[in-house]
Amino acid sequence: MMKIALRLQPILLLPFPNFRIPNPSNFPNFYTPPKTQTQALGLLHCRVMATVKERIELTETERKIFDRLLSSLCHFGLTNQLRVAGGWVRDKLLGKDCYDIDIALDNMMGSEFVEKVTEYLLSTGEEVQGVAVIPCNPEQSKHLETARMRLFDTWIDFVNLRCEEYSDNSRIPSKQKFGTAEEDAYRRDLTINSLFYNINTDSVEDFTKRGIADLKSGRIVTPLPPKDTFLDDPLRVLRAIRFGARFGFILDEKLKEAASCDEVKDALAAKISRERIGVEIDLMISGNQPVKAMTYICDLMLFWIVFSLPPKFEPAKSEGCDRLCISYLDATWNLVQLIGGSTFNDEQRRLSLYAAMFLPFRKTIYKDNKAKEISIISYIFRESLKRKASDAETVINVHSALDKFLSLIPFLASNGDIQLTEVDWGRGLDDVPHTSKLRVLTGFLLREIKDFWRVALLLSTLLYPTDVDCTQDFLNQHFQLEKRKDLFKTVESAVIKLGLEKVWDVKPLVNGKDIMSVLQLKTGGPLIREWQQKLLAWQLANPLGTVEECIDWMRQADSKRLKTQQ
């Protein structure tokens with residue numbers, strides 16, 4: 001059996017100060033002119049001809065809901081037109097299930113109509129559930145009062161048709177009034193989201209005269225001139241990108257031109273809350289086409305608007321760093337598909353994509369106003385996107401584990417043909433037998449990152465081996481993903497074979513009080529923590545060991561320690 005000494009060396013990733021991007025034509029994710037539309041993984045320029053139904057087919061539940069609403073109108077002699085708006089109409093025409101029913105009312109507030117429906121249902125002896133009114137809150141980007149109720153186990157939202165005007169420096173409407181269905185349609189973000197289903201007439205209404213056509217041709221277009229639409233509400237830029245990626249539709253050229261102009265970019269940065277930007281980005285990352293969505297953002301020169309950075313950080317980002325972020329994301333997404341979606345749950349997949357995209361920044365730090373050094377990834381999550389602090393912590397922990405995983409991969413992948421003989425991961429491992437060191441080190445590592453160890457392994461396989469310029473490979477799309485998938489599976493199997501898949505759930509055989517008793521200590525402190533490490537290493541090296549055997553080993557080890565100190 002061959003023995004190799006392990007010395008842990010840090011792995012340096014971007015930003016590289018002297019890095020320069022080669023010819024953009026070498027990169028699939030760069031914007032390419034029309035004559036090369038067949039390149040770029042087909043992400044940006046392939047036209048999708050969608051199959052659109054001629055009429056909306058209601059489910060039994062939807063039919064019951066709409067019957068109750070129409071019966072309420074009839075009961076009170078009301079002449080209101082009830083229209084389902086937006087995404088439900090779009091998805092039903094595309095033959096997709098949708099459970100998000102928003103009903104727009106003409107000349108009546110949603111709360112007023114819900115009161116009528118409630119009164120009607122009570123008169124027929126039916127149960128009324130979940131009635132609530134959500135007031136408008138412009139500071140939280142909610143400009144309309146919404147009434148809500150539950151019918152046949154389905155939540156229904158009711159709002160009035162509206163017509164809005166915006167001030168120059170805010171996305172809060174300066175003037176709002178009841179509008180016609182046509183006015184409401186034109187104030188929406190995209191033509192494919194401006195369609196109505198008129199419940200009264202059982203018909204689809206296309207007031208922009210192009211919603212259905214754009215749905216069929218697979219185009220993302222704004223009802224009004226795109227620059228006006230985006231300046232009224234810059235968040236619509238990100239929504240256009242999200243829907244374009246989700247459905248595989250192409251962005252209209254005028255829309256792209258408007259989205260990337262300085263005036264719209266400045267408005268997106270100034271007028272939209274970071275929380276709302278973060279929600280849109282998270283929907284993209286969690287969606288079915290995260291790479292396409294982030295590529296749109298990059299191509300429209302919005303990457304550093306969305307993922308804003310503090311004024312000063314080290315090392316400085318290199319030219320083309322955004323492209324490298326997308327390349328890592330692309331490789332990770334494709335590798336996840338190759339490995340199999342069932343290997344990762346939704347949360348692991350989501351955070352693996354964030355971790356991949358921010359790989360170039362895993363060594364980058366900035367100083368806060370107290371001169372404390374903080375990871376720039378923490379800044380992106382907590383300040384740029386206003387996401388959960390736990391998301392940042394998980395990604396940072398995964399990044400921190402990569403160096404160790406990269407050092408263990410050769411040994412885990414060797415099927416026992418090579419063995420660790422020396423380590424420098426910290427104290428407490430000197431007494432571990434050579435034959436057990438791999439299990440001990442791997443166990444310590446998995447206990448650090450727990451359920452996200454497969455995510456760390458996934459990214460490590462992308463960066464392995466460490467003696468090649470992976471940056472250039474990624475920019476040139478030399479991923480060799482099949483080989484990386486095989487490496488992932490081999491190491492995963494080795495971890496499982498070592499019995500470490502859920503090692504973080506293993507409880508220590510000996511607790512702090514037992515340690516103090518054996519060592520005859522009156523107070524705890526650093527020595528207790530040091531022995532906890534030693535005992536955990538013993539337990540990992542002796543998975544079948546008992547409490548008594550662990551304590552006996554501890555007494556013997558402590559006796560040796562005392563003799564060496566004499």
### Query
Can any side-chain N or O of Ser559 pair as donor or acceptor with the backbone N or O of Arg555 at less than 3.5 Å?
no
### Query
Are any of the side-chain heavy atoms of Trp453 and Leu500 separated by less than 4.5 Å?
no
### Task
Would you give the length of the straight line joining atom CZ of Arg350 to atom OG of Ser352, rounded to the nearest 0.5 angstrom?
10.0 Å
### Query
Roughly how far, to the nearest 0.5 Å, is CG of Leu459 from OG1 of Thr461?
7.5 Å
### Message
For a quick test of reading the model, state the closest non-hydrogen atom pair linking Pro410 to Leu406 and the distance between them.
### Response
CD-O, 3.5 Å
### Query
Quick check, are the ring centers of Phe313 and Tyr379 under 6.0 angstrom apart?
no
#### Entry: Beyond-backbone contact of Leu309 with Ile380, side-chain heavy atoms, under 4.5 angstrom
yes
### Task
Tell me, yes or no, whether the heavy-atom count around Arg246 atom CZ, taken from other residues, nucleotides or ligands under 6.0 Å, exceeds 12.
yes
### Query
When you measure from the side chain of Glu448 to the backbone N and O of Ala401, does any donor-acceptor pair fall under 3.5 Å?
no
### Query
Of Thr343, Ile339, Leu458, which is the lone residue that meets side chain to side chain contact (heavy atoms under 4.5 Å, CB included) with Glu492?
Thr343
### Message
How close do Gly287 and Trp333 get, counting heavy atoms only, and between which atoms?
### Response
O-CH2, 4.2 Å
### Message
To the closest 0.5 Å, what do you measure between CG (Leu402) and CG (Asn397)?
### Response
11.0 Å
### Flag if over 12 foreign heavy atoms under 6.0 Å of CD, Gln337
yes
### Query
How far does CG of Leu408 sit from CG of Asp403, to the nearest 0.5 angstrom?
11.0 Å
### Task
For Asp505, look at atom CG and say whether over 12 heavy atoms of other residues, nucleotides or ligands are found less than 6.0 Å away.
yes
### Query
Within the side chain of Ser384, is there an N or O that forms a donor-acceptor pair under 3.5 Å with the backbone of Ser308?
yes
### Query
Is it true that atom CD of Glu347 has more than 12 heavy atoms of other residues, nucleotides or ligands lying nearer than 6.0 Å?
yes
### Task
Any chance you could measure Phe361, atom CZ, to Cys321, atom SG, to the nearest 0.5 Å?
3.5 Å
### Task
Examine distances only and state if a side-chain atom of Arg239 and a backbone atom of Leu190 form a donor-acceptor pair shorter than 3.5 Å.
no
### Query
Would Glu253 and Lys256 count as a salt bridge (charged side-chain N to carboxylate O under 4.0 Å, His left out) if you check the C-alpha gap in whole Å, the side-chain angles of each, and the deciding distance to 0.1 Å?
CA-CA 5 Å; Glu253 288 300 321; Lys256 289 196 291 185; 3.1 Å; yes
### Query
With side chains defined as the heavy atoms from C-beta onward, is the minimum distance between Lys265 and Ser260 less than 4.5 Å?
no
### Query
Heavy-atom distance under 4.5 Å between the side chains of Lys437 and Phe411, does that happen here?
no
### Task
Give the C-alpha distance, both sets of side-chain angles, the deciding distance and a yes or no for side chain to side chain contact (heavy atoms under 4.5 Å, CB included) between Trp304 and Lys317.
CA-CA 11 Å; Trp304 302 122; Lys317 75 174 188 290; 3.5 Å; yes
#### Entry: Passing option when Leu412 is tested against Leu457, Thr490, Leu438 for side chain to side chain contact (heavy atoms under 4.5 Å, CB included)
Leu438
### Task
State whether the side chain of Arg439 and the backbone N or O of Leu540 hold a donor-acceptor pair below 3.5 Å, judged by distance alone.
yes
### Message
Keeping Arg387 on the side-chain end and Ala392 on the backbone end, is there a donor-acceptor pair under 3.5 Å?
### Response
no
### Query
How close do Leu338 and Lys485 get, heavy atom to heavy atom, and via which atoms?
O-CD, 3.6 Å
### Query
Is the closest side-chain heavy-atom distance between Leu238 and Met284 below 4.5 Å?
yes
### Query
Parallel, tilted or perpendicular: which describes the rings of Phe247 and Phe243, with under 30° parallel and over 60° perpendicular?
parallel
### Query
Do Arg454 and Glu501 meet the salt-bridge criterion of a basic N to acidic O distance under 4.0 Å?
yes
### Task
Side-chain contact test, heavy atoms from C-beta onward, threshold under 4.5 Å: evaluate it for Lys534 versus Trp531 and give yes or no.
yes
### Message
For Asn345, is there any backbone N or O sitting under 3.5 Å from a side-chain donor or acceptor partner on Gln348?
### Response
yes
### Message
Minimum heavy-atom separation for Ile241 and Leu302, please, with both atom names.
### Response
CD1-CD1, 4.0 Å
#### Entry: With Tyr354, the side chain to side chain donor-acceptor pair (under 3.5 Å) member among Asp391, Thr394, Asp282
Asp282
### Message
On a heavy-atom basis, which atom in Thr546 and which in Glu549 lie closest, and how many Å separate them?
### Response
N-OE1, 3.0 Å
### Query
Do Ile285 and Met294 have side chains that get closer than 4.5 Å, going by heavy atoms?
yes
### Query
What is the distance from atom CG of Leu441 to atom OG of Ser407, rounded to the nearest 0.5 Å?
9.5 Å
### Query
So, the side chain of Arg274 versus the backbone of Ala269: is there a donor-acceptor pair under 3.5 Å, distance only?
no
### Task
Determine whether Asp514 and Met554 make a side-chain contact, defined as any pair of heavy atoms from C-beta on separated by less than 4.5 Å.
no
### Summary
When every non-hydrogen atom of Leu235 is compared with those of Ile272, the smallest separation belongs to N-CD1, 3.6 Å
